[in-house]
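In this text, all values refer to a predicted model and were calculated from it rather than measured experimentally.
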Amino acid sequence: MSPADHLDARHPATDDISLTRVLSALSDPIRLGIVLLLSDGRERQWGELDAPVSKSTLSHHMKTLRSAGITRTRDEGTRCYVHLRGDDLESRFPGVLSSLLEAAPGEAAAVGLK
């Protein structure tokens with residue numbers, strides 16, 4: 001396994017994304033807030049994210065989103081970037097992400113940018 005394969009092993013293939021894992025990951029207000037922030041389609045550096053949790057807790061939430069197939073993370077030097085896998089989720093579960101995002105504002109924690 002090459003280093004690139006190892007990094008990609010953290011992200012499930014589109015066909016392996018499970019609806020129950022996606023819904024479970026999005027049942028947390030912090031993770032829902034992160035997804036709302038990323039729903040603009042822009043890639044963000046982790047250090048830009050301003051969530052009402054500690055860095056270690058934010059890291060846990062980011063890992064949960066990545067493992068569920070909701071986000072994709074890439075490393076560049078010492079920086080880590082994340083973006084929403086909106087196209088993958090739409091192709092796997094048409095309409096689910098957009099429906100969740102419409103309902104999310106009242107349920108999501110406030111997550112912004114520093």
Set of residues satisfying side chain to side chain contact (heavy atoms under 4.5 Å, CB included) with respect to [X], sequence neighbours excluded:
X: Ala109; value: Pro29, Ile30
X: Leu101; value: Val35, Leu36, Ser39, Leu97
X: Glu90; value: Pro94

Is there a side-chain contact between [X] and [Y], using heavy atoms and a 4.5 Å cut-off?
X: Ile17; Y: Phe93; value: yes
X: Leu49; Y: Met62; value: yes
X: Ile70; Y: Leu84; value: yes

For Val96 and Leu89, run side chain to side chain contact (heavy atoms under 4.5 Å, CB included): C-alpha distance rounded to whole Å, both residues' side-chain angles, the deciding distance at 0.1 Å, then the answer.
CA-CA 8 Å; Val96 169; Leu89 291 167; over 6 Å; no
Only counting residues at least two apart or in another chain, list the ones meeting side-chain hydrogen bond (donor to acceptor under 3.5 Å, both in side chains) with [X].
X: Arg74; answer: Glu43, Glu76
X: Ser54; answer: Ser56, Thr57
X: Thr20; answer: Ser18

Pairs satisfying side-chain hydrogen bond (donor to acceptor under 3.5 Å, both in side chains), at least one member in residues 58-67, at least two apart
Arg31-His61
Residues pairing under side-chain hydrogen bond (donor to acceptor under 3.5 Å, both in side chains) where one sits in residues 77-87, two or more places apart or in two chains, turn out to be Arg85-Asp88
Arg44: which residues meet the salt bridge (charged side-chain N to carboxylate O under 4.0 Å, His left out) condition with it, sequence neighbours left out?
Asp40
When you look at Thr73 and Trp46, which way does the side chain to side chain contact (heavy atoms under 4.5 Å, CB included) test go after all the steps?
CA-CA 9 Å; Thr73 303; Trp46 277 29; 4.2 Å; yes
Tightest non-hydrogen contact, residues Ile34 and Leu58, listed as CD1-CD1, 3.7 Å
May I ask you to decide if Arg21's main-chain N or O and Ser24's side chain share a donor-acceptor pair within less than 3.5 Å?
no
Sequence neighbours excluded - salt bridge (Lys or Arg N to Asp or Glu O under 4.0 Å) pairs with any residue from residues 102-114
none
